Amino acid sequence: MKPLLHTLLLVFTIYLMGCGGFGGPDNSKQGVFTTDIQKFSSCAELRATMNAASSMYMEVMPITEDAAIPVSGPANNQIYDNQSANVMESDRVLINSAKLFVLRKSSLEIFSRSSFQRTQVVQLESANKNTLFVDDQNVVVVSSNDYLTTKVSIYDASTIVLKKQFVLEGLFEDVRRHENQLILLANSYSFMTQENEGTLNPNQTIVSPNCNEIYQSQTNAFASGLTLLYNIQLDDFSKAPSSTGFAGYTNLMYMSENALYLASNSYYTFPSHIRQIKWTKDSVRLNSIATYYGAIKDRWAMNEYADNNGIKLAIATNISQTSIMPATDAVNVMPASTNRINYLLVFSENNGHLSKYSESNYFGANEAIQSVRFVDDLAYVVTFRLTDPLFIFDLSDRGNIRQLGELKVPGFSTHLRPLMNHHLLGVGYDTQDSQGATRQAGIQVSLFDVNQTSNPIRKNVFTLGVRGSYSDATMDSHALLYDSGTGLIGLPIVELINPYANDPFSWGTTVGFAGAQIYRFVPGGQLTEVGRISHSKWRRSFSCDAMLFNGWSYGSSDINRIIMVDGKLVTISQFGLMVHNPQSLAIISEQMFTPRTSGFCYEPGFQW
């Protein structure tokens, strides 16, 4: 297989006219439909259809999803914020009952959980993208070093001896585990050069779906790429992974115990769609498709409710005028004098298919959704244009979504974390206004009191640095520590200072601090500063003296993970691991990693 231009990160999609079938069962503003789902009959039909579509594409830039993916399980302490109960998700720093694992670009560093001393370093094939699952039986490394295939390597958790390896067609986007089923999402473009019939990839050493297991688009949407899904049984390696796929691209994935939901956003004049995926021990299949207008920001903007009234899926969507077609729908959906609005929608699973159930009144006119968090029957939504409105909705009656309260404060939160005693932590950006324009400034950490849902208040706010400052926690929920036992809150930070004089929107020109900022949520509902931690003393050993490149910081270029393990505060960076006293932050022990012999000092994102 030869690399293609299609393997670049730009994804091109053509939405053909004539969707039809609009008008959900509640006859409300937004159109939703489900229909019989057809598959391609052969590889020849798939190639002809997809190649024709790719020659007439429009560019669709996907929203960058929260890439941090938490894990929990029988042998693991929950060290990250978990979106769904009993659904395990991956990360590069994980623990089982005896060990702490740190996955780097080309090695797996293993530490004793009791002493935090390094016990083993396992050399791996260098990967441009990788992630990790662990329990007391298996260590599973999912990796890709190109845009064509993904490797799933399964090791014995005690000996770290390789037990099984699968090579899958496509570049993995995300992966989940439910019980002993590993569900992996990948995107593929290489089918365009495969003159084959039968399987998508003729290479017998590579697992790929049969072409007649690839679903056609039921929203008349065709793309220059395919989305592929694999189901790997971790308790029976003798069985090849089951697989399926569909025409189109997605990287927004939410999984409950009942189903997997894949959202594909459209930013032009065509509806977006959600695909509901069901799986069994031996299969994975596309079950239903529903459409919606606008764009879902990330996985936190989707939430499934399963109760005596059946399965319901709630989403938050931001709609712009250019995302509505035809023009008559734009008149019905968009209020006068607005170019952007937001809705909460609820879909119901009836007879195995998703259908529209209810929607909220629109909110946040001319503003875009920045973060969403569903907590039990409440939904918290942050929008932004000039200020940061925090909206609170009641979804206890799934058929009647009610807005309870609203708070407007400067800045905006890109991630929300529920705390104890009906408080909410927001991490995002401060803003600056000048001559009628608003720009994001430094990192902002906010504490909201939501005890009175009709009257939320912001109790505390901290601003770190100036414009250009960065924290992984603004987009990666795993980068944000909250330990309810100690009240500790921590986030990685690259704090820029010294903006250019007389320029209110200037980026900072100097790194004032890089490391972790630690707070404590104290009884009575206040946020207090505890201190700062840095791994900067190891930077020179990694030839990492320079902290900026062309004015841009390379992610959180010091500490990336802050976790609590057995009463100890642990910080991990590309340089090494430190163990701290959670009260004083004093260093108890430390282990520096082996410096890499090649590659950039700071690579974009959380990549070591």
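Keep in mind it's a predicted model, so treat the numbers as computed, not measured.
No side-chain donor-acceptor contact under 3.5 Å links Asp376 and Tyr305. Residues Gln83 and Arg299 bring a donor and an acceptor atom of their side chains to less than 3.5 Å of each other. At a cut-off of 3.5 Å, with distance as the only test, a side-chain donor of Ser396 or Asp394 sits close to an acceptor on the other residue. Side chains of Gln526 and Asn460: a donor on one and an acceptor on the other come within 3.5 Å. A donor-acceptor contact closer than 3.5 angstrom is absent between the side chains of Asp135 and Asn96.
The structure places CG of Asn265 at 5.0 Å from OG of Ser272, a figure rounded to the nearest 0.5 Å. For the atom pair CD1 of Ile559 and CG of Asp472, the computed distance is 11.0 Å after rounding to the nearest 0.5 Å. A distance of 5.0 Å separates CE in Met302 from CD1 in Ile296, rounded to the nearest 0.5 Å. Here Leu182 contributes atom CG and Tyr230 contributes atom OH; the two are 13.0 Å apart, rounded to the nearest 0.5 Å. Atom OG1 in Thr291 sits 9.5 Å away from atom NE2 in His273 (nearest 0.5 Å). Between the OH atom in Tyr380 and the CG atom in Leu390 there is a gap of 8.5 Å [rounded to 0.5 Å].
In this structure, the side-chain contact (heavy atoms from CB on, under 4.5 Å) partners of Asp397, at least two apart in sequence or on a different chain, are Asn400. For Ser484, the side-chain contact (heavy atoms from CB on, under 4.5 Å) partners at least two apart in sequence or on another chain are Met420, Tyr482. Residues satisfying the side-chain hydrogen bond (donor to acceptor under 3.5 Å, both in side chains) test with Lys278, not counting sequence neighbours, are Glu349. By the salt bridge (charged side-chain N to carboxylate O under 4.0 Å, His left out) test, Asp483 is found to be paired with no residue, residues two or more places apart in sequence or in another chain being considered. Annotation: side-chain contact (heavy atoms from CB on, under 4.5 Å) contacts of Asn187 (sequence neighbours excluded): Glu173, Tyr189, Thr227, Tyr249.
Taking the six-membered ring for Trp and thresholds of 30 and 60 degrees, Trp279 and His178 have ring planes more than 60 degrees apart, a perpendicular arrangement. Relative orientation of the Phe363 and Phe393 rings is tilted, given thresholds of 30° and 60° on the angle between their planes.
Listed by first then second residue, pairs satisfying salt bridge (Lys or Arg N to Asp or Glu O under 4.0 Å) with a partner in residues 413-426 read Asp81-Arg417, not counting sequence neighbours.
Looking at Arg92, its side chain does come within 3.5 Å of a backbone N or O of Asn130 through a donor-acceptor pair. No donor-acceptor distance shorter than 3.5 angstrom exists from the side chain of Arg176 to the backbone of Met255, with no hydrogens or angles considered. Not a single donor-acceptor pair under 3.5 Å links the side chain of Ser348 to the backbone N or O of Ser355.
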